[in-house]
J.: 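Below: one structure in structure tokens.
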Amino acid sequence: MPSASVPPVPSGGDTADRGRASSAGSPAASSSYWPVPLVRAVPLLVTAAVVTFSRDHSPFVGLVSFGVAALVGGLLLTVGVLLRLDDRSSRTLQVVQGVTTVVAGAVALAASSAGLAFFVALVSGWALVAGALELVTGLRRRGRSPLARDWISVGVLTLALGVVFLVVPLDYAQPLGGVEQIEGELTSSTVLVGVLGAWAAVVGVFLVIAGLSLRWQTDAGHGAAGHGAAGRTDAGPAGYRTSTSTDSSIDPTSDEGQHA
């Protein structure tokens, strides 16, 4: 008779690698990341508020607003992923993104009087690099981590910011006028600083929702785990179900009761 084939036994190294990959993509590991989107949202929402309520949309205001948001946000991202993200490859990409953002913010603050062309070049260059890094991070973990969708969304929005900055002509100028005869002129600087504020508002709100969603998933997971542990039963060797809870009472109709 042909001998039955025996499946190979995985080595200790393979088992450890599979365990690390499973833990990195598990909801429990991903849920520990929930504070990072929330702290990233803070400088973005502050920037959106400053741009919205400021009547000055000059390149100077744009560079200072972007510089502060990028410097603080990049630092928070870098520290957050180092402390909260278990997946090594995603952590590396996020750290590179954070360092790139910090450098861009420092350059913006140091050259805040450089003018419109510098403002466009710096923001568009940073947005294309940072957006691509976050998009790649999400695509690499798609289907394996609940964080992938958030990374992909923020990456696409950041890439869109870079594209808009490249599309708007530097010499764009349009008199306001209109029915209300508003005096003034709509320039490329006004448009681009406004776009920067709108992007900061949208991404900031999205990050708040993402962080709270991860937090709520953590609470729901802990509650389900506790409920499952309380009602779990284990099958005994003869097919009987043995409850994890102890009960000293004996059913008189059972065999044990009759023998007693």
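Since we're looking at a predicted model, the values are computed, not measured.
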J.: For V208, give me all partners under side-chain contact (heavy atoms from CB on, under 4.5 Å), at least two apart in sequence or on another chain.
T.: L38, A41, L45, L212

J.: Taking a hydrophobic cluster as the set of Ile, Leu, Val, Met, Phe, Trp and Tyr residues connected by side-chain heavy atoms closer than 4.5 Å, whether directly or through intermediates, do V195 and L122 fall within one such cluster?
T.: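 Looking at the clustering, L122 is in the same group as V195.
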
J.: Members other than V167 in its cluster, when Ile, Leu, Val, Met, Phe, Trp, Tyr link by side-chain heavy atoms under 4.5 Å?
T.: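 V163, which link up through side-chain heavy atoms under 4.5 Å apart, make up the rest of the cluster.
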
J.: Look only at the side chain of R91 and the backbone of L85, and say whether a donor-acceptor pair between them is shorter than 3.5 Å.
T.: yes

J.: By the salt bridge (charged side-chain N to carboxylate O under 4.0 Å, His left out) test, which pairs, at least two apart or in different chains, include something from residues 100-129?
T.: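 Sorted pair list comes back empty.
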
J.: Look at the side-chain heavy atoms of Ile, Leu, Val, Met, Phe, Trp and Tyr, link any pair under 4.5 Å apart, and say whether V205 and W216 land in one connected group.
T.: yes

J.: Going by heavy atoms in the side chains, are W151 and Q97 under 4.5 Å from each other?
T.: no

J.: Clusters formed by hydrophobic residues whose side-chain heavy atoms approach within less than 4.5 Å: which one holds F53, and what are its other members?
T.: none

J.: Got a sec, which residues hit side-chain contact (heavy atoms from CB on, under 4.5 Å) with A198, two or more places apart in sequence or on another chain?
T.: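 Checked A198 against side-chain contact (heavy atoms from CB on, under 4.5 Å); zero matches.
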
J.: Show every side-chain hydrogen bond (donor to acceptor under 3.5 Å, both in side chains) that has at least one partner inside residues 105-133, sequence neighbours left out.
T.: T101-W126

J.: Which residues pass the side-chain contact (heavy atoms from CB on, under 4.5 Å) test with L116, not counting sequence neighbours?
T.: P59, F119, V120, L170, S188, S189, L192

J.: Which residues satisfy the side chain to side chain donor-acceptor pair (under 3.5 Å) test with T187, sequence neighbours excluded?
T.: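 Applying side chain to side chain donor-acceptor pair (under 3.5 Å) to T187 gives T190.
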
J.: Can you find a heavy atom in the side chain of Q94 that is under 4.5 Å from one in the side chain of T137?
T.: yes

J.: Looking only at heavy atoms, which two atoms of A148 and G138 are closest? And how far apart?
T.: CB-O, 3.3 Å

J.: Is there a path of hydrophobic side-chain contacts, each under 4.5 Å between heavy atoms of I/L/V/M/F/W/Y residues, joining V103 to F165?
T.: yes

J.: Please identify each residue that fulfils side-chain contact (heavy atoms from CB on, under 4.5 Å) with V136, with sequence neighbours left out.
T.: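 In terms of side-chain contact (heavy atoms from CB on, under 4.5 Å), with neighbours along the sequence ignored, V136 is linked to L93, R140.
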
J.: Share the residues that join L135 in a hydrophobic cluster, the rule being Ile, Leu, Val, Met, Phe, Trp or Tyr side chains under 4.5 Å apart at the heavy-atom level.
T.: L128, L139, I152, V156, L159, L166

J.: Only one of D86, T92, D87 forms a side chain to side chain contact (heavy atoms under 4.5 Å, CB included) with S90, so which one is it?
T.: D87

J.: In sequence, state the C-alpha distance, the side-chain angles, and the governing distance for L161 and L157, and then conclude on side chain to side chain contact (heavy atoms under 4.5 Å, CB included).
T.: CA-CA 6 Å; L161 174 68; L157 290 172; over 6 Å; no

J.: Grab the two heavy atoms, one from D150 and one from A210, that are nearest each other, plus how far apart they are.
T.: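 Answer, listing the atom of D150 first, then A210: OD2-CB, 3.5 Å.
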
J.: Give the minimum heavy-atom separation between S213 and I209, together with the two atoms involved.
T.: OG-O, 2.7 Å

J.: Between F206 and L44, is there a side-chain heavy-atom distance shorter than 4.5 Å?
T.: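 They are not in side-chain contact.
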
J.: Do any side-chain atoms of residues 63-76 form donor-acceptor pairs under 3.5 angstrom with protein atoms, and if so which ones, sequence neighbours left out?
T.:
residue	atom	partner	partner atom	Å
S65	OG	V61	O	2.8

J.: Provide the full list of salt bridge (charged side-chain N to carboxylate O under 4.0 Å, His left out) pairs with a residue in residues 120-136, sequence neighbours left out, each pair given once.
T.: R40-E134

J.: Honestly curious: do V202 and V191 fall in one hydrophobic cluster under the side-chain, below-4.5 Å linking rule?
T.: yes

